[in-house]
Amino acid sequence: MSDFRMETKCVQSGYEPGNGEPRVLPIYQSTTFRYTSSEQMGRLFDLEEPGYFYTRLQNPTNDAVAAKICDLEGGAAAMLTSSGQAASFYSIMNIVEAGDHIICSSALYGGTYNLYAHTIKKMGVEATFVDPDCTREELDAAFRENTKAVFGETIANPALVVLDFEKFAEAAHAHGVPFIVDNTFATPINCRPIEWGADIVIHSTTKYMDGHASCVGGAIVDSGNFDWEAHKDKFPGLTTPDETYHGIVYTQKFGKQAYITKATAQLMRDLGSIQSPQNAFLLNIGLETLHLRMARHCENALSVAKYLQNHEKVAWVSCPSLPGDKYYELAQKYMPNGSCGVITFGLKGGRAAAVEMMDKLKMVAIVTHVADARSCVLHPASHTHRQMNEKELMEAGVQPDLIRFSVGIENIEDIIGDVEQALL
Ligand SMILES: *Cc1c(COP(=O)(O)O)cnc(C)c1O
């Protein structure tokens with residue numbers, strides 16, 4: 001499908017039925033797979049032959065959906081995970097060991113911040129958080145001998161900072177490490193980070209990809225572009241023998257598939273954050289309309305942003321596609337067709353007014369979610385980011401009065417009408 005355009009890939013990639021086979025991707029609701037020869041099963045366990053044997057590692061439904069996401073992102077290999085958090089975790093754990101270090105943009109999703117600031121620290125992996133708007137010199141200064149990756153979000157949730165891909169990619173590559181991007185908010189419809197130098201792209205498919213708030217899920221896509229062998233000493237897990245598979249060397253045996261094969265063969269085997277095939281099936285249905293939904297989300301969000309910008313009670317509005325926004329130029333460069341459906345704003349009455357306004361909304365609901373068909377709001381300082389102190393909140397780009405508004409695909413006049421009455 002790689003020659004087709006994005007809309008066609010959304011609908012058709014990943015699954016091509018043979019003659020007389022189901023037109024729609026089947027749900028392989030089976031934990032296990034049958035073989036007629038014990039020897040062949042042995043070869044699968046040795047990674048000598050590709051094939052399914054146990055759904056904790058791989059499942060045909062999941063693989064078809066991963067292949068679609070891979071095609072949309074322009075990658076070489078991909079896998080699904082049980083959640084976006086699992087995707088963030090695996091993307092790093094696949095290339096670090098205790099004693100290693102990573103660099104992250106400080107404008108991150110709250111869960112990702114906790115994962116990298118606290119949880120992986122307990123495993124001996126330290127993270128340095130850098131201001132995404134820092135200079136190249138400041139970024140370079142964050143690197144250490146033991147740095148193994150650079151991580152950032154295309155459009156940060158909820159700060160709506162647009163990542164300067166070229167700056168981050170060039171710095172990562174100058175220091176011989178991969179650049180990993182969380183592309184959840186833009187989706188490959190609006191931005192393909194691999195085209196701007198990202199080596200690995202991850203997703204919380206829970207958001208726009210599924211699009212209906214029905215399934216938690218994640219994905220990891222590897223571009224196949226990072227030359228692990230050229231930085232052999234930094235990445236022994238990929239470039240030296242894996243004794244748990246009779247000494248195979250992932251880079252030598254799997255080439256551009258090395259990173260994803262290792263993540264499947266080791267991390268899925270040992271940690272088991274597989275997506276259920278049932279959820280993968282539903283995710284695939286979501287992906288079939290991703291291109292249509294993203295366009296409407298972006299159009300509606302821009303209209304709401306313009307409405308709020310002109311409202312007397314509104315102190316500020318942030319929407320990367322809104323002319324005059326701090327990240328407008330970067331958004332035009334990396335995602336000229338639209339950014340995402342999430343906008344943020346603050347009221348002149350501050351934090352108290354924010355809470356009051358949210359409580360008055362009728363159609364737009366208060367939920368801990370973003371990026372699905374239904375419009376919703378959240379107050380990060382009271383909800384997703386409540387474990388952060390004021391300083392950490394500001395570093396993450398989350399003002400205490402910030403309301404995150406995930407603009408859905410309802411009729412725009414109904415959305416604005418609800419906001420209007422809540423602001424009275
Ligand atoms: C929601 C989200 C995550 C975490 O994904 P889950 O599917 O909830 O585990 C990671 N990154 C971003 C940008 C998100 O919005």
Side-chain angles (χ1 to χ4, degrees), residues 62 65-66 69 73 79-93 102 104-120 127 129 132 151-163 165 180-191 193 198 200-221 267 271-276 279-280 282-283 286-287 290 294 297 301 320 327 335 339-344 367-372 376-378 380 383-385 387 396-398 402 404-408:
N62 291 17
V65 181
I69 295 172
E73 286 287 6
M79 68 199 285
L80 298 187
T81 57
S82 56
S83 66
Q85 284 302 106
S88 306
F89 180 52
Y90 282 19
S91 73
I92 294 292
M93 281 322 277
I102 61 169
C104 307
S105 159
S106 62
L108 286 182
Y109 171 67
T112 312
Y113 174 81
N114 277 333
L115 172 66
Y116 294 156
H118 303 297
T119 300
I120 65 168
F129 295 89
F151 188 99
E153 288 175 22
T154 305
I155 308 170
N157 173 9
L160 304 184
V161 170
V162 176
L163 197 67
F165 286 132
I180 307 177
V181 172
D182 179 339
N183 197 33
T184 298
F185 265 25
T187 83
I189 297 302
N190 287 340
C191 180
I200 293 149
V201 174
I202 66 137
H203 282 277
S204 166
T205 61
T206 317
K207 313 297 164 52
Y208 289 118
M209 283 192 166
D210 168 68
H212 302 80
S214 59
C215 298
V216 173
I220 308 176
V221 181
L267 300 180
L271 304 171
S273 310
I274 196 75
Q275 186 164 133
S276 90
N279 280 8
L282 292 169
L283 167 58
L287 287 168
L290 182 65
M294 284 314 288
H297 277 294
Y327 295 100
M335 47 201 103
S339 46
C340 67
V342 182
I343 63 172
T344 58
V367 299
T368 308
H369 201 251
V370 274
D372 74 78
C376 61
V377 288
L378 182 96
H383 306 139
T384 46
H385 288 58
Q387 72 290 340
V398 183
L402 180 150
R404 184 180 72 184
F405 192 163
S406 177
V407 182

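Each ligand, and each atom within it, is numbered from 1 in the order the structure gives.
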Just the distances, no angles: every ligand 1 N or O to protein N or O pair closer than 3.5 Å, one line each.
from     : atom 1 : to     : atom 2 : distance (Å)
ligand 1 : 5 (O)  : Ser204 : OG     : 3.0
ligand 1 : 7 (O)  : Gly84  : N      : 2.8
ligand 1 : 7 (O)  : Ser204 : OG     : 2.8
ligand 1 : 7 (O)  : Thr206 : OG1    : 2.6
ligand 1 : 9 (O)  : Gly84  : N      : 3.0
ligand 1 : 9 (O)  : Gln85  : N      : 2.9
ligand 1 : 11 (N) : Asp182 : OD2    : 2.6
ligand 1 : 15 (O) : Asn157 : ND2    : 2.9
ligand 1 : 15 (O) : Lys207 : NZ     : 2.7

Taking salt bridge (charged side-chain N to carboxylate O under 4.0 Å, His left out) as the test, write out the residues that go with Asp210, two or more places apart.
none
Residues in side chain to side chain donor-acceptor pair (under 3.5 Å) contact with Ser105, at least two apart in sequence or another chain
none
Just to verify, what does Tyr90 make a side chain to side chain donor-acceptor pair (under 3.5 Å) with, not counting sequence neighbours?
Ser273
What about Tyr113 and Phe129, are their ring centers closer than 6.0 Å?
yes
I'd like to know if the side chain of Gln275 reaches the main chain of Asn62, judged simply by a donor and an acceptor atom lying under 3.5 Å from each other, with no hydrogens or angles considered.
no
Kindly give the heavy-atom pair with the smallest separation between Ile343 and Leu160, and that separation in Å.
CA-CD1, 3.6 Å
